[in-house]
Undergrad: 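Input: one structure, supplied below.
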Protein chains: 2
Amino acid sequence: MFDFQSSIQVLRTKGYKLTRPRKRVLEVLAQAQKPVSPYDIQKVLQQRGEHLNHVTIYRILDLFCLLNLAHKVLSFGGFVKCTLGEEEGCHRFMVCRQCGALREFADKALCDEENEIAQDFGFRTEQHFSEGFGLCSNCQGQIF
Amino acid sequence: MFDFQSSIQVLRTKGYKLTRPRKRVLEVLAQAQKPVSPYDIQKVLQQRGEHLNHVTIYRILDLFCLLNLAHKVLSFGGFVKCTLGEEEGCHRFMVCRQCGALREFADKALCDEENEIAQDFGFRTEQHFSEGFGLCSNCQGQIF
DNA sequence: ATGGTAAATGCAATATTATTGCATTTACAT
DNA sequence: ATGTAAATGCAATAATATTGCATTTACCAT
């Protein structure tokens, strides 16, 4: 998961309406190479001659997060980005501090290890988020 | 790191003035059992008869994050909390979804593992954040 | 195809959170 | 004590987020 088409499937199968605004937001997320805020999304669509109320975008993003079609990330101001990961409750990102490029991944071993540590503190963890902050391959060579 | 006293040391040794507002914010962070927002901090201090301008609190928190005396966390709206961890560039939390209780920890093995995965994608990561979201020992027994 | 209906969106108002420039105050070195 | 850079306060403004309600739309049954 989740390209544009499979995201649409998720909406349909879970009984949510496939509306024009939802399709537009899905498109933007699918195309984005870095985290985007609700207002970023609005701007992008504006440029394509498509006006969406920001409230609508907020509500759509809430839904998408609920359905695991999108996530909020801490880096770059906690913006949102579509998920590429499959595993339930495991949402891991690496973010380039230079260009904002973002990759999502999932890793069960990491979750297991974190669960063990949590147990030592009496915690039972259900969701795992992580963000590695650094430089992507492109930006490593460059000098700024 | 970092109780109230050692945080004060960090400020002194790095040449930052030890002001009344900074001491107050440090106190609140040190006493907080869950992530607190800038305005949370303002309210707590208000109740103690101490008024701080919110701008000041924002600037103080910026500084504290820069000095690794505080961190921003994603859960509960990206609020801030003092750090308890030592390792450079490794900031891991577990957060109780019920009561907001938060524990910080650091773990080198996790960082190494994440670095390896990052390498496969061409990323070189410098900072690691993670949040495990679940239930603390207190809240596990309770039914809501 | 067409109409009924719940769901989704738009809009307006408002709340919350965050930032900036500049005047004033304060911690700290001398 | 006092000069000075650093820190804070204040006022204005920007950016982000939420709510209630009227209107529109997707999708179902016909």
Side-chain angles (χ1 to χ4, degrees), chain A residues 4 7-29 34-46 48-67 69-81, chain B residues 7-29 32 34-46 48-67 69-81:
Chain A
F4 182 73
S7 297
I8 283 184
Q9 285 314 314
V10 172
L11 284 179
R12 301 199 81 98
T13 58
K14 302 218 174 174
Y16 293 95
K17 291 185 181 173
L18 190 58
T19 65
R20 184 177 179 86
R22 284 177 182 166
K23 278 190 269 190
R24 293 300 162 268
V25 173
L26 272 179
E27 283 168 9
V28 175
L29 285 177
K34 50 180 82 175
V36 287
S37 74
Y39 288 96
D40 287 340
I41 293 173
Q42 191 178 42
K43 270 177 229 149
V44 170
L45 290 174
Q46 201 77 263
R48 299 182 187 170
E50 182 103 14
H51 177 74
L52 279 198
N53 191 281
H54 72 275
V55 179
T56 302
I57 299 176
Y58 275 96
R59 290 192 276 227
I60 289 176
L61 289 172
D62 278 351
L63 175 66
F64 286 3
C65 286
L66 194 72
L67 300 177
L69 296 176
H71 292 295
K72 226 176 179 178
V73 297
L74 183 57
S75 312
F76 286 90
F79 298 164
V80 298
K81 175 76 176 58
Chain B
S7 297
I8 282 184
Q9 284 314 313
V10 172
L11 284 179
R12 301 198 82 97
T13 60
K14 302 218 174 173
Y16 293 96
K17 291 185 180 173
L18 190 59
T19 64
R20 186 178 177 87
R22 285 177 182 165
K23 279 190 269 189
R24 293 299 161 270
V25 173
L26 272 178
E27 282 168 9
V28 175
L29 286 177
K34 50 180 83 174
V36 286
S37 75
Y39 288 96
D40 288 339
I41 294 174
Q42 190 178 43
K43 270 177 228 146
V44 169
L45 290 175
Q46 201 77 265
R48 299 181 187 172
E50 182 103 13
H51 176 74
L52 279 200
N53 191 282
H54 72 276
V55 179
T56 302
I57 299 176
Y58 274 96
R59 290 193 275 228
I60 288 175
L61 289 172
D62 279 350
L63 175 66
F64 286 3
C65 285
L66 194 73
L67 299 178
L69 296 174
H71 292 296
K72 225 175 178 178
V73 298
L74 183 58
S75 311
F76 286 90
F79 297 165
V80 299
K81 176 75 175 58

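In what follows, chains are A, B, ... by sequence order, proteins preceding strands, each numbered from 1.
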Undergrad: Nearest whole angstrom, please: distance from the P of D/dT19 to the CG of A/D62.
TA: 10 Å
Undergrad: Which residues pass the salt bridge (Lys or Arg N to Asp or Glu O under 4.0 Å) test with B/R20, not counting sequence neighbours?
TA: B/E50
Undergrad: Rounded to 10°, tell me the angle between the two end axes of the helix from C/dA1-D/dT30 to C/dT30-D/dA1, each built from five pairs.
TA: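 Inter-axis angle at the termini of the helix from C/dA1-D/dT30 to C/dT30-D/dA1: 40°.
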Undergrad: Start with the C-alpha distance between A/L69 and A/L63, add both sets of side-chain angles, then the distance that settles side chain to side chain contact (heavy atoms under 4.5 Å, CB included), and finish with yes or no.
TA: CA-CA 8 Å; A/L69 296 176; A/L63 175 66; over 6 Å; no
Undergrad: Taking distance alone, no hydrogens or angles, what donor-acceptor pairs closer than 3.5 Å link side-chain atoms of residues 12-19 of chain B to residues at least two apart or in another chain?
TA:
residue : atom : partner : partner atom : Å
B/T13   : OG1  : B/Q9    : O            : 3.1
B/T13   : OG1  : B/V10   : O            : 3.1
B/T19   : OG1  : B/R22   : N            : 3.3

Undergrad: For the backbone of A/I57 and the side chain of A/Q42, can you confirm whether one donor and one acceptor N or O come within less than 3.5 Å of each other?
TA: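 It does not hold such a pair.
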Undergrad: Do you know the tightest heavy-atom contact between B/T56 and B/P21?
TA: CG2-CB, 4.1 Å
Undergrad: Are side-chain heavy atoms of B/L26 and B/I60 found at a separation under 4.5 Å?
TA: no
Undergrad: Without swapping roles, check the side chain of B/D40 against the backbone of B/S37 for a donor-acceptor pair under 3.5 Å.
TA: yes
Undergrad: Search all heavy atoms of A/N53 against all heavy atoms of A/V55 and return the closest pair with its distance.
TA: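 Closest approach of A/N53 to A/V55, heavy atoms only: OD1-N, 2.8 Å.
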Undergrad: Can you sort out the partners of A/Y58 under side-chain contact (heavy atoms from CB on, under 4.5 Å), two or more places apart, ordered by chain and number?
TA: A/P38, A/Y39, A/H54
Undergrad: Provide, to the nearest angstrom, the distance between the NZ atom belonging to B/K43 and the P atom belonging to C/dT16.
TA: 8 Å
Undergrad: What protein N or O atoms touch nucleotides 28-30 of chain D N or O atoms at under 3.5 angstrom, if any, and at what distances?
TA:
none

Undergrad: In whole Å, I'd like the distance from the OH atom of A/Y58 to the P atom of D/dT19.
TA: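 Taking OH of A/Y58 and P of D/dT19, I get 12 Å after rounding.
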Undergrad: With a 4.5 Å heavy-atom cut-off, do B/L52 and B/I41 have their side chains touching?
TA: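 No, their side chains stay 4.5 Å or more apart.
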Undergrad: Would you give a per-nucleotide map of nucleotides 6-13 of chain D, 5' to 3', where B means the base has a protein non-hydrogen atom under 4.0 Å away, S means only the sugar-phosphate does, and - means neither?
TA: BSBBBB--
